[in-house]
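Excluded from the calculations below are hydrogen atoms, water molecules and symmetry mates; all remaining heavy atoms, backbone and side chain alike, are included. Every value quoted in this text rests on a predicted model; they were computed, and no experiment measured them.
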Amino acid sequence: MLKTTFLLLGVLAVSAAEPLTIGWTNNMLRISGPQVPGDYVEIWYLEAFCRSGSTHRKWEETTIPHRTELLSATPQKIRLRTKVEPNVLLEHEISAGVDEVDFNVTIRNEGKGFADVQWFQPCMRVDRFTGAKQTNYIEKSFIFTQEGVKLLSKLPRKEEAIYRGGQVYVPEGVPMADVNPRPISEIKPSNAVIGCYSKDGKRLLATAWDSTQELFQGVIVCLHNDPRIGGLKLNETKTLHGKVYIMDNDIPQLLARYRKDFPRK
């Protein structure tokens with residue numbers, strides 16, 4: 001009996017250490033695994049690329065045509081290439097670990113002048129993870145303020161904007177003219193983490209980047225951490241680093257990992 005118990009514990013330990021699985025099809029990145037509440041999380045990777053002056057004009061005047069292609073894929077590593085018109089190229093390497101997915105992105109201006117590509121949008125769908133709907137998922141979603149972690153449902157909200165619905169949280173230092181044309185919160189996030197709790201409250205899903213244009217609670221049961229490019233000079237190359245964490249509901253541990261992964265933040 002004792003031997004059987006040890007064998008079972010060993011199997012469980014191995015199972016718990018299995019990495020997440022990732023796949024990318026039709027611009028949707030799927031993160032799967034037995035440790036993921038709802039079985040999988042999908043990210044629209046990528047929804048949009050945006051030029052400056054976005055806050056006070058129609059969305060179709062802000063977005064820049066782009067196309068992403070799959071270069072290679074295994075269950076734990078994906079390489080993508082994105083062309084943003086007319087001549088900006090992004091190389092993406094996406095790697096899956098046991099409880100996180102790592103993003104390394106290189107952005108290169110191959111054009112003949114300045115490229116006004118300010119930010120882009122990975123749209124993380126959280127309906128399956130939270131078990132919530134558009135009407136109530138802010139009750140399970142959070143950001144960090146100077147007072148610590150806060151549910152979005154407990155923060156003051158704005159309603160007026162070109163497009164109603166959702167809420168934009170703009171970090172210090174980001175031009176207010178260059179963000180989502182949705183209602184902009186008066187609350188400034190204290191770090192670049194946005195996330196949510198699982199339906200049973202035992203797990204959390206969070207995302208962070210080393211350069212963030214905005215944190216955004218969207219209109220299709222989604223959360224955004226939209227990376228900031230900030231434009232590209234002639235022949236300029238920039239790099240970005242991001243994470244998606246799927247882990248136990250342990251906010252101090254999340255913050256510790258964030259600070260380790262993004263020491264300059």
Side-chain angles (χ1 to χ4, degrees), residues 19-20 22 29-33 35-47 94-105 120-132 136-155 166-171 185 187-218 220-228 240-265:
L20 296 162
I22 51 176
L29 176 69
R30 178 173 288 194
I31 306 168
S32 307
Q35 62 272 59
V36 182
D39 296 329
Y40 62 84
V41 170
E42 286 191 326
I43 302 174
W44 187 356
Y45 195 91
L46 296 154
E47 180 179 354
I94 307 170
S95 304
V98 172
D99 61 358
E100 66 175 33
V101 176
D102 188 76
F103 298 78
N104 284 286
V105 183
F120 62 91
Q121 290 193 314
C123 173
M124 185 167 73
R125 310 294 175 80
V126 302
D127 51 337
R128 296 180 65 89
F129 191 90
T130 61
N136 63 353
Y137 83 102
I138 63 172
E139 297 172 10
K140 286 185 168 290
S141 302
F142 62 82
I143 63 169
F144 290 85
T145 73
Q146 295 301 325
E147 298 178 352
V149 64
K150 294 289 184 180
L151 291 173
L152 301 189
S153 58
K154 302 298 183 182
L155 294 175
Q167 201 76 184
V168 184
Y169 302 90
V170 185
S185 173
I187 301 298
K188 292 288 184 182
S190 62
N191 63 28
V193 178
I194 188 169
C196 58
Y197 300 109
S198 61
K199 182 178 181 179
D200 63 7
K202 295 180 179 180
R203 303 279 283 171
L204 64 78
L205 166 68
T207 180
W209 286 81
D210 59 358
S211 181
T212 294
Q213 187 82 359
E214 63 181 24
L215 304 179
F216 175 49
Q217 172 257 312
I220 53 170
V221 198
C222 63
L223 296 175
H224 286 224
N225 187 321
D226 292 335
R228 174 172 172 78
L240 290 169
H241 179 219
K243 290 277 189 181
V244 168
Y245 303 99
I246 303 176
M247 54 183 286
D248 289 342
N249 182 358
D250 186 335
I251 292 296
Q253 180 63 19
L254 172 64
L255 285 174
R257 291 179 62 172
Y258 169 69
R259 290 165 182 153
K260 179 182 177 181
D261 293 332
F262 304 96
R264 292 178 295 172
K265 297 295 288 182

Aromatic plane relationship, Phe103 with Trp209 - under 30° parallel, 30 to 60° tilted, over 60° perpendicular: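 Tilted.
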Take the angle between the ring planes of His224 and Phe216 and call it parallel below 30°, perpendicular above 60°, tilted in between.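 Ring orientation, 0 to 90° scale: perpendicular.
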[X] side chain vs [Y] backbone, donor-acceptor pair below 3.5 Å:
X: Ser190; Y: Phe144; answer: yes
X: Lys140; Y: Ser198; answer: yes
X: Arg203; Y: Ile246; answer: yes
X: Asn249; Y: Leu204; answer: no
X: Tyr258; Y: Ala192; answer: yes

Compare all side-chain heavy atoms of [X] with those of [Y] and state whether any distance is below 4.5 angstrom.
X: Leu205; Y: Tyr197; result: no
X: Cys222; Y: Cys123; result: yes
X: Tyr245; Y: Asp99; result: no
X: Val41; Y: Arg125; result: no
X: Thr207; Y: Leu223; result: no
X: Leu155; Y: Lys150; result: yes
X: Phe120; Y: Leu240; result: yes
X: Ile22; Y: Ile94; result: yes

For Asp102 and Ser95, test the side chains for any donor-to-acceptor distance below 3.5 angstrom and give the result as yes or no. no
Any luck finding a side-chain donor-acceptor pair between Asn225 and Tyr169 under 3.5 Å?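 Asn225 vs Tyr169: no donor-acceptor pair found between side chains.
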Cation over ring face, Arg128 and Tyr40, 6.0 Å, 45°: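 The answer is yes, since Arg128 meets both limits relative to Tyr40.
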Steps toward side-chain contact (heavy atoms from CB on, under 4.5 Å) verdict (Thr130, Lys199): CA-CA 4 Å; Thr130 61; Lys199 182 178 181 179; over 6 Å; no
Shortest non-hydrogen contact from [X] to [Y]?
X: Phe129; Y: Pro37; value: CE1-CD, 3.3 Å
X: Pro189; Y: Leu215; value: CB-CD1, 3.8 Å
X: Phe142; Y: Cys196; value: CE2-N, 3.3 Å
X: Ser153; Y: Glu139; value: OG-CA, 3.5 Å
X: Ile187; Y: Ile143; value: CG2-CD1, 4.5 Å
X: Val193; Y: Ala206; value: CG1-CB, 4.0 Å

Partners of Asp250 by side chain to side chain donor-acceptor pair (under 3.5 Å), sequence neighbours excluded?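 Partners of Asp250 by the side chain to side chain donor-acceptor pair (under 3.5 Å) criterion come out as none, since no residue qualifies.
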Any residue meeting salt bridge (charged side-chain N to carboxylate O under 4.0 Å, His left out) with Glu100, in chain and number order, not counting sequence neighbours: Lys243, Arg257
Rounded to the nearest 0.5 Å, what separates atom [atom1] in [X] from atom [atom2] in [Y]?
X: Asp127; Y: Ile220; atom1: CG; atom2: CD1; value: 9.0 Å
X: Ile31; Y: Met124; atom1: CD1; atom2: CE; value: 8.0 Å
X: Leu254; Y: Arg259; atom1: CG; atom2: CZ; value: 9.5 Å

Check the surroundings of atom NZ in Lys188: do more than 12 heavy atoms from other residues, nucleotides or ligands lie under 6.0 Å from it? yes
Arg30 and Glu42 ion-paired at < 4.0 Å: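 Here Arg30 pairs with Glu42 in a salt bridge, since their nearest N and O are under 4.0 Å apart.
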